[in-house]
Amino acid sequence: MDLPIANYQARRQSLQSNLPEGFVAILRAGELCTRNSDCDFEFRPNSHFFYLTGYAEPGAYVLINKTQSILFNLPKDPEKEQWDGFRHGVEGAIENFAFDQAFALDDMDEQIIGLLDGSQSVWFDFSDDVLQQQIVNWQQSLAKKVRQGAQAPAQFNQLAGLLGEMRLIKDAEEVALMEKAAQISVKAHQQAMQTVTPGMKEYELEAELNYCFMKSGSRTPAYNNIVATGSNACTLHYIENNAEIKDGDLILIDAGCELGFYASDITRTFPANGKFSEPQAALYNLVLKAQKEAIDTVVVGAKYTDFHDVAVRVLSQGLIELGLLEGELESVIEDKSYRDFYMHNTGHWIGMDVHDVGAYKIDAESRPLKPGMVVTVEPGLYVSKDNMKVDEKWRGIGIRIEDDVLVSDEGPVILTHGLARGVDEIEALMAKG
Ligand code: GLY
Ligand code: MN
Ligand code: MN
């Protein structure tokens, strides 16, 4: 399900033409992370690294300069592979991944020090502390040899900004992959809505999601599944998923699969017994109105913050009308009193990372939306069960509705299309379950 190797090669070439003479860019896949004893967590390569290489083995590094791309990886080793699985090895890296050269990791220090000699600037992701230390060490090794004619690079540059901008605009193949991921997640949410019955544990519904992801070609969720019944939904990043689902609860599921290293991110909120109560439906319809109007604002040229502002306005107006907030609309927005019920932003970039890279502001201003950007649109309302300022009927209700939306010249395109959103639609789908 990965993209063709030529795509990764083209990205490296784009980097080569965008960086100045004498640059050296270095990235690493990351290491296996121990879970306990000699058991590891499932490995997932760093997204910047994979974006430029298509290479998913742990421990690997890539160096890109003006004329070549060089991979450093684990060499073939039949004995190790017997235990830990297949390795592409040094020759495989060149043959199957179109690198100009490849070396075993054991040779990396010597090779990189040689390649840094005479270069002007080193580009890497400043958030990678381990790599940063290694680069300083390589640079220092060279600096010690200046009297023998070595020339150590003197500039360090942040590579993450440039890669963030590249990754922010998705091409047609990336969009197609993201839509596939989104549609698997749509199926998983439908399955969860049709399976739920009061008395189940939250993790039983989570099992439906994971089963559907994996049976549909996705190896893993893009982030920890949130399955939150009742007031658990008011904890924004609730992942315990071990409470019993009660009759009368709303259930909030925020879950999306990863496919070909691209994420999807969907939230739906639905009644455990298949029927929204009156207060649940009132708040739900308000969130839905906010989401629909916000999605309509995801258009080329709009500022990134516009769709959030629209959602805040709709939610604030509705909270006043329903009696959860007092005062005039403008002052509720101005003094941010809506934040008692809506405390997060209305979305984020999504791509290889669920909270994807790319600047949100340019020169301190919210940036304009462009074709190929993908955002989530995810307004919500969360009424704490301990909020004594509101009528009892609202307490403990948590609702979020989230879809993934492509910015395009033809207007907003919902990649997560086809999943019930309206009260009637959800109730009808659940009745068929
Ligand atoms: N699932 C994480 C988020 O919606 O931002
Ligand atoms: Mn999200
Ligand atoms: Mn989400």
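Remember, it's 1-based here, ligands and their atoms both numbered in the order they're listed.
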For this session: Answer yes or no for His355: is there an N/O/S atom below the 2.8 Å cut-off from the Mn ion (ligand 2)?
Result: no

For this session: Tell me, yes or no, whether the heavy-atom count around Lys66 atom NZ, taken from other residues, nucleotides or ligands under 6.0 Å, exceeds 12.
Result: yes

Problem set entry | Identity and separation of the nearest protein heavy atom to atom 2 (C) of ligand 1 | His355 NE2, 3.7 Å

For this session: Please indicate whether any nitrogen or oxygen in Asp265 is less than 3.5 Å from any nitrogen or oxygen in ligand 1.
Result: yes

Seminar exercise, completed: Restricting Glu378 to its N/O/S atoms, the closest one to the Mn ion (ligand 2) is OE2

Exercise. Does Arg268 count as lying over the ring of Phe270, i.e. NZ or CZ under 6.0 Å from the six-ring centre, within 45 degrees of the axis?
Worked result: no

Exercise. So, is Asp265 placed with an N/O/S atom under 2.8 Å from the Mn ion (ligand 2), counting both backbone and side chain?
Worked result: yes

For this session: Within a distance under 4.0 Å of any heavy atom of Asp254, pick out the atoms of ligand 1 and give their elements.
Result: 1 (N), 2 (C), 3 (C), 4 (O)

Seminar exercise, completed: Under 4.0 Å from one or more heavy atoms of Tyr223, ligand 1 contributes atoms 1 (N)

Exercise. Quick one: does His237 get within less than 4.0 Å of ligand 1, heavy atoms only?
Worked result: no

For this session: Decide, yes or no, whether a salt bridge links Glu258 with Arg44 under the criterion of side-chain N to carboxylate O below 4.0 Å.
Result: yes

Exercise. Between Lys289 and Glu293, is there a side-chain N and carboxylate O pair less than 4.0 Å apart?
Worked result: yes

For this session: Tell me whether the centres of the aromatic rings in Tyr223 and His355 are closer together than 6.0 Å.
Result: no

Exercise. Are any of the side-chain nitrogens in Arg367 or Glu165 under 4.0 Å away from the carboxylate oxygens of its partner?
Worked result: yes

Exercise. Numbering the atoms of ligand 1 from 1, which are under 4.0 Å from a heavy atom of Glu402?
Worked result: 4 (O)

Exercise. Quick one: does Val354 get within less than 4.0 Å of ligand 1, heavy atoms only?
Worked result: no

Seminar exercise, completed: Among the N/O/S atoms of Glu402, the Mn ion (ligand 3) lies closest to OE1

Exercise. Which word best sums up how the rings of Phe99 and Tyr55 line up, parallel for under 30°, tilted for 30 to 60°, or perpendicular for over 60°?
Worked result: perpendicular

Exercise. Can we call the ring centroids of Phe97 and Tyr8 under 6.0 Å apart?
Worked result: no

